[in-house]
Amino acid sequence: MLKFSIITTSYNQGQFIEQTIQSVLSQNYPNLEYIVMDGGSTDNTLSILKKYEGKIKWFSEKDNGQSDAINKGLRMATGDIVAWLNSDDYYLPGTLKKVVEIFENNKQTQWVSGDYLIVDENGKEIQSFVRNYKKVLASFSSFNTLSLANYINQPSTFWRRDFQKKAGYLNEELHYCMDYDLWLRFIEESPVHIISNPLSAFRIHKASKGKLQYGKQFKEEVQVARKYNDNYLIILLHKIHNLLINLVYQVIKQ
């Protein structure tokens, strides 16, 4: 049976992290390594982590940002399949079972990405049109499509650890689009296997990057796209796409 290694990074996310942890452990997958890399939280995060001593591996120390913490966890991982799940997101029931079936039945598949829900701080589903729009883009998955727009949902994405070693780890100079940078490297090496089922819930709340800093995120996203694709038309369309999405976000995130 393939082994999973799931990495969660956290910093003062005591409000959400227990749901995140429970969503992983309640998968009841028998061959699971769960690593939590905490950045030295000062809220109730550590007391929550201590409750799960023996069921998870956790470390609390100052890091050099989210990408650094994720990379530390990924380098510790010993599983065949790896992923990271942010401390305010959570898996849906049966996710690991669905994912492992894909990898076991498709030996050539190197990475898998599924559908997702977008939820608010109370777990209420929101922005279903954003989810559906990205689902349409994912149905036309290719290097150029991904260069045009990031339709890959990070908490619903899993990959083989050997593939990680080949494609490399996160770029720690990036603050918003380190996942997008990784996906573009992945898709240069191998096509992504898209799962239509929702695998995770991606949470947007008042302190999340997606709520407060989407403008900076879109700017960094264009820089990443330009790094991997020198097609002027694709990059221009990416900029136009981000401009339109930015306008929509200004309306819906008031």
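Please read all numbers here as calculations on a predicted model, not as lab measurements. Any value given below was found using the heavy atoms of this structure, including those in side chains, with hydrogens, waters and symmetry copies removed.
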Filter on salt bridge (Lys or Arg N to Asp or Glu O under 4.0 Å), then keep only pairs touching [range], sequence neighbours left out; what's left?
| range | answer |
| --- | --- |
| residues 180-199 | K166-E189, D181-R185, D181-K227 |
| residues 109-123 | D115-R131, D115-K135 |
| residues 233-246 | none |
| residues 152-164 | none |

Measuring only between side-chain heavy atoms, which start at C-beta, is [X] closer than 4.5 Å to [Y]?
| X | Y | result |
| --- | --- | --- |
| Q19 | R203 | yes |
| I118 | E125 | no |
| L32 | L96 | yes |
| M37 | I70 | no |
| L25 | I56 | yes |

query = Say you draw a straight line from NZ of K134 to OG of S113; how long is it, rounded to the nearest 0.5 Å?
reply = 10.0 Å
request  = Find the distance between OG (S141) and CG (L146) and round it off to the nearest 0.5 Å.
outcome  = 6.5 Å
request  = Show the numbers, then the answer: is there a ring pair (Phe, Tyr, Trp, His ring centres under 6.0 Å) between Y169 and F163?
outcome  = CA-CA 10 Å; Y169 292 85; F163 185 53; over 10 Å; no
Would you check if the side chain of [X] reaches a backbone N or O of [Y] as a donor-acceptor pair within less than 3.5 Å?
| X | Y | answer |
| --- | --- | --- |
| T8 | L85 | yes |
| S139 | V136 | yes |
| S190 | I187 | no |

Holding to side chain to side chain contact (heavy atoms under 4.5 Å, CB included), I want the full list of residues that pass it with [X], two or more places apart in sequence or in another chain.
| X | answer |
| --- | --- |
| D63 | D68, A69, K72 |
| A167 | F186 |
| N144 | S142, N229, I234 |
| L243 | none |

key: Donor on one side chain, acceptor on other, S156 and S200, under 3.5 Å   = yes
Step through the shown structure and confirm whether more than 12 heavy atoms of other residues, nucleotides or ligands are within 6.0 Å of [atom1] on [X].
| X | atom1 | result |
| --- | --- | --- |
| F143 | CZ | yes |
| D230 | CG | no |
| K3 | NZ | yes |

task = Write out all pairs satisfying ring-ring contact (aromatic ring centres under 6.0 Å, His included) with one or both partners inside residues 7-37, taking only residues at least two apart or from two chains.
result = F4-Y29, F16-H205
message = Pair H193, I195 - check side-chain contact (heavy atoms from CB on, under 4.5 Å), show working.
response = CA-CA 7 Å; H193 186 117; I195 300 178; 4.3 Å; yes
task = Report the residues that fulfil ring-ring contact (aromatic ring centres under 6.0 Å, His included) with Y133, sequence neighbours left out, ordered by chain and then residue number.
result = H241
remark   = Applying ring-ring contact (aromatic ring centres under 6.0 Å, His included) to Y90 and not counting sequence neighbours gives none
message = Is there a path of hydrophobic side-chain contacts, each under 4.5 Å between heavy atoms, that joins L237 and Y151?
response = no
message = Test of understanding: clusters of I, L, V, M, F, W, Y form through side-chain heavy atoms closer than 4.5 Å, transitively. Do L184 and M178 belong to the same one?
response = yes
message = Please determine whether side-chain contact (heavy atoms from CB on, under 4.5 Å) holds for the pair Q127 and I204, giving the CA-CA distance in whole Å, both sets of side-chain angles, and the decisive distance to 0.1 Å.
response = CA-CA 10 Å; Q127 298 183 21; I204 296 178; 3.9 Å; yes
remark   = Result for ring pair (Phe, Tyr, Trp, His ring centres under 6.0 Å) between Y91 and one of Y116, F158, W84 points to F158
task = Would you mind listing every side chain to side chain donor-acceptor pair (under 3.5 Å) that reaches into residues 51-60, with sequence neighbours excluded?
result = E18-K51, E18-Y52, Q22-Y52, E33-K57, D38-S60, E53-W58
